[in-house]
Asker: 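For reference, the structure I am asking about is given below.
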Amino acid sequence: MDTPSAPPFADPPRASLAVFRTILILFLVLSSVVVLRATGLYTRKAQALAEASLGSTALALSASAENALRSGGAGEAGDIRTLFADQVVAYALIAREDGTVLFHTNPLMVGTRLSGAMPAGLLRQPGKSSGRRVTLGTGLPAYEFDHVLRSKEGGQMLRIVLHTTQADAIAAGGKTMWESVGGLLFLLWTAGILVERLLTRHFRLRAEADRRERLALIGQMTATLAHEIRNAIGGVKGFAQWVDEKVDGADPRKKGLAAILEGSRRIEGLVDDLLRFSKEETYEIGTVELDGIVQTVIKSEASGWAGRLEAEAGRGLFVKADAEKLRRVLVNGVRNALQAMGDAGVLRVTARGDGGWAEIRIEDTGPGIAASEAPRLFTPFYTTRVDGTGLGLAYSRKVIEGMGGSIDLSNREDGRGAAFVVRLPKGKREGAGHVEAHPDRR
C-alpha cells in the first residue's frame, strides 16, 4: 500500500531555520574573535606605550640635566632644580660612586649616602642608562631611571624617580576596555539569541498556521463529502444487510455479502475519523483521575488479549484534561501496541507524576519503530497498516496539545519495542470542574 509523503512545506522552514542558525553562530563567533583580538592588541600596545613614555620622559630629563651640569657643574644646583619641578618627578639626585649624594631635589638629603650599593663598574660607562619599576616608601608605584653622567668631574650618576600615575592610567584603560568589550559581546550574543528565538517562534507560528489551514481544507472537504458518502454507503449497507438476511447460510454469495458489509463499515469508520480529525475541537477540561480512565481503556481493549498485561494505573493521580478525548487517545495507543505485538508479548501501562506533570506510558514488546518512519508518525494519513487511516496519531497529538500537554512515540531505551508517552498538567482532586472517569464511559 502506498503511503502519502510528508507535507511539502514542512521541510523548507526547518531547513531555513537551520541555515540561519549556522550563519548566526558563525557571525557571532567571528565577530567575537575579531573584537577580542583587536582588544588584546590595543591593550598590549597601550601597556608598551605607557612604559615607553616613562623611559622617554626620564631620558629627556636626563639629557637636559646633563647639558646643564656641563655648563655649570653639580654645585650650581639651581639651574637643574627647575628641570625636576614637574609634578611627574617624585625626586631626582646625583650621587658619586661611593653613594654620596651631591644633589637632591630635597636639599636636606644632600651629603647623605644612598642606602643601596651601586653596581660595580657602573659609573665607568658614561652615557649608560637603565630603568625599572619600584615602590616608594609611601607605597606608591614609581619608575626609577639611572643615567651615568658625562660630566667634568666624572664618576657621577643621575637618578630620576617618576610617578607612574598617568602611565598606569593608560594601562588601566586597557582593563576598562576589556570590561566594555565583555559587555558589548554579552549584548551581541544576547541580541543574537533573541533574534534566533524570535525567528524560531515565527517558524513555529507559520507551521501552526499551515497546519490549521490544512485542517480547514480537510474540514471543508469532509463536510461536503461526508453527507453524500454516508447516504451512498448507507444505502449499499442497508441493501446488503437485507439480502444477507434473506440468503441461506450455505449460499456461496454469503461470503461476498460479508465482504460488502465489512467494506461498508470501514468506509463509515474512515468518514468518522475524517470528521473527528478535521473539526474544530472544543474541550471540557476537568480534573480526571488516571486510575479510572486507564483501567477503563485496558478493560475495553485488552481484556481478551492473550499476552501479559502489566499496569500501574496511578491511583490518586489527577490530570487536567477532557476525559473523553483522553480516553480516545489512550485507546488508540493501546490498540497500536496490541497490533504491533500480535497475540503474544507484554503490554505495560503506567501513570506517574513528575513535578507539575503526569506521564502516561504505554509500552509494548513489538518490533519497534523503523528510523525511516519516526519523523512521519504524526503526519495525517501516514500509516504502515493496510487497514489503517493514518489519522489516529495525528488526532491524538492534536487533542493532547490542545489540552496543554505533549505526546511522543519512540522506541524504548532497552530496544524491546515502542513507548507511547502522554504528558499532561497535574490536577487536584478538590476544586471546580472535577470529572471522574466512569468505567463504562465511552
Side-chain angles (χ1 to χ4, degrees), residues 1 3 6 266 269 273 288-317 319 321 323 325-355 357-401 403 405-424 437 439 441-442:
M1 176 178 179
T3 55
R266 286 186 57 190
D273 287 345
V288 181
E289 185 177 9
L290 290 180
D291 178 67
I293 200 167
V294 168
Q295 293 292 353
T296 298
V297 171
I298 292 175
K299 182 178 179 181
S300 65
E301 301 299 322
S303 59
W305 185 56
R308 189 169 85 247
L309 177 64
E310 298 177 359
E312 296 178 15
R315 182 175 295 277
L317 181 60
V319 294
K325 290 181 172 56
L326 178 57
R327 187 192 67 81
R328 289 179 185 171
V329 171
L330 298 183
V331 165
N332 183 67
V334 171
R335 285 180 181 175
N336 287 342
L338 297 179
Q339 289 169 356
M341 292 186 290
D343 295 332
V346 179
L347 175 65
R348 181 176 175 81
V349 183
T350 58
R352 297 176 181 174
D354 181 15
W357 295 86
E359 181 179 275
I360 310 164
R361 298 179 66 89
I362 301 175
E363 299 174 288
D364 62 63
T365 55
I369 302 168
S372 59
E373 297 175 6
R376 303 165 64 186
L377 288 174
F378 293 93
T379 302
F381 303 109
Y382 176 77
T383 180
T384 57
R385 301 205 316 263
V386 176
D387 59 346
T389 63
L391 292 175
L393 288 176
Y395 172 79
S396 297
R397 183 176 70 173
K398 173 186 174 182
V399 297
I400 291 299
E401 291 181 351
M403 293 186 291
S406 63
I407 190 169
D408 180 60
L409 177 59
S410 59
N411 288 323
R412 292 168 53 176
E413 294 182 358
D414 58 9
R416 299 173 55 191
F420 181 78
V421 183
V422 174
R423 286 173 58 85
L424 287 168
R441 185 169 181 171
R442 293 290 184 268

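Values below: every heavy atom of this structure, side chains too, minus hydrogens, waters and symmetry copies. Count residues from 1 along the sequence.
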Asker: Less than 4.5 Å apart, side chain to side chain, heavy atoms only: is that true for Ile400 and Arg397?
Answerer: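 Ile400 vs Arg397: side chains apart.
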Asker: Does Asp364 use its side chain to pair, donor to acceptor, with the backbone of Ala418 at less than 3.5 Å?
Answerer: yes
Asker: Search all heavy atoms of Met341 against all heavy atoms of Gly366 and return the closest pair with its distance.
Answerer: CG-N, 3.6 Å
Asker: Are Trp305 and Leu347 side-chain neighbours, meaning at least one heavy-atom pair lies under 4.5 Å?
Answerer: yes
Asker: Are the side chains of Leu290 and Leu326 in touch, meaning some heavy atoms are under 4.5 Å apart?
Answerer: yes
Asker: Write down the atom of Ala419, the atom of Arg361, and the distance for their closest heavy-atom approach.
Answerer: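 Residues Ala419 and Arg361, closest heavy atoms: CB-NH2, 3.6 Å.
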Asker: Would you check if the side chain of Ser300 reaches a backbone N or O of Val297 as a donor-acceptor pair within less than 3.5 Å?
Answerer: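 Checking the backbone N and O of Val297 against the side chain of Ser300, a donor-acceptor pair under 3.5 Å is found.
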Asker: For Glu413, which residues count as a side chain to side chain donor-acceptor pair (under 3.5 Å) partner, sequence neighbours excluded?
Answerer: none
Asker: So, using salt bridge (Lys or Arg N to Asp or Glu O under 4.0 Å) as the criterion, who are the partners of Glu301 when residues are at least two apart?
Answerer: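 Only Arg335 meet the salt bridge (Lys or Arg N to Asp or Glu O under 4.0 Å) criterion with Glu301.
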Asker: Going by an N to O cut-off under 4.0 Å, is there a salt bridge joining Glu363 and Arg416?
Answerer: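 Judged by the 4.0 Å cut-off on N to carboxylate O distance, Glu363 and Arg416 do not form a salt bridge.
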Asker: Could you check Gln339 against Asn336 for side-chain contact (heavy atoms from CB on, under 4.5 Å), going step by step and ending with a plain yes or no?
Answerer: CA-CA 5 Å; Gln339 289 169 356; Asn336 287 342; 4.0 Å; yes
Asker: Keeping Asn411 on the side-chain end and Ile369 on the backbone end, is there a donor-acceptor pair under 3.5 Å?
Answerer: yes
Asker: Heavy atoms only: give me the nearest Ala340-Pro367 pair and the separation to one decimal.
Answerer: O-CD, 3.3 Å
Asker: If I compare all heavy atoms of Ile362 with all of Ala337, which pair ends up nearest, and what's the gap?
Answerer: CG2-CB, 4.2 Å
Asker: Can you confirm whether Asp343 is buried at CG, in the sense that more than 12 heavy atoms of other residues, nucleotides or ligands lie under 6.0 Å from that atom?
Answerer: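 Counting neighbours around CG of Asp343, 12 or fewer heavy atoms of other residues, nucleotides or ligands fall under 6.0 Å, so no.
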Asker: Would you call Arg423 and Glu359 a salt bridge, taking side-chain N to carboxylate O under 4.0 Å as the test?
Answerer: yes
Asker: What's the spacing between Glu310 CD and Thr350 OG1 if we round to 0.5 Å?
Answerer: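 If we round to the nearest 0.5 Å, Glu310:CD and Thr350:OG1 are 10.0 Å apart.
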Asker: To the closest 0.5 Å, what do you measure between CD1 (Ile360) and CG (Leu330)?
Answerer: 5.0 Å
Asker: If you look at every heavy atom in Ile407 and Ser396, which pair is closest and at what distance?
Answerer: CD1-CB, 3.7 Å
Asker: Which heavy atom of Leu317 sits nearest a heavy atom of Gly353, and at what distance?
Answerer: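 Looking at all heavy atoms of both residues, the shortest contact is CD2-N, 3.7 Å.
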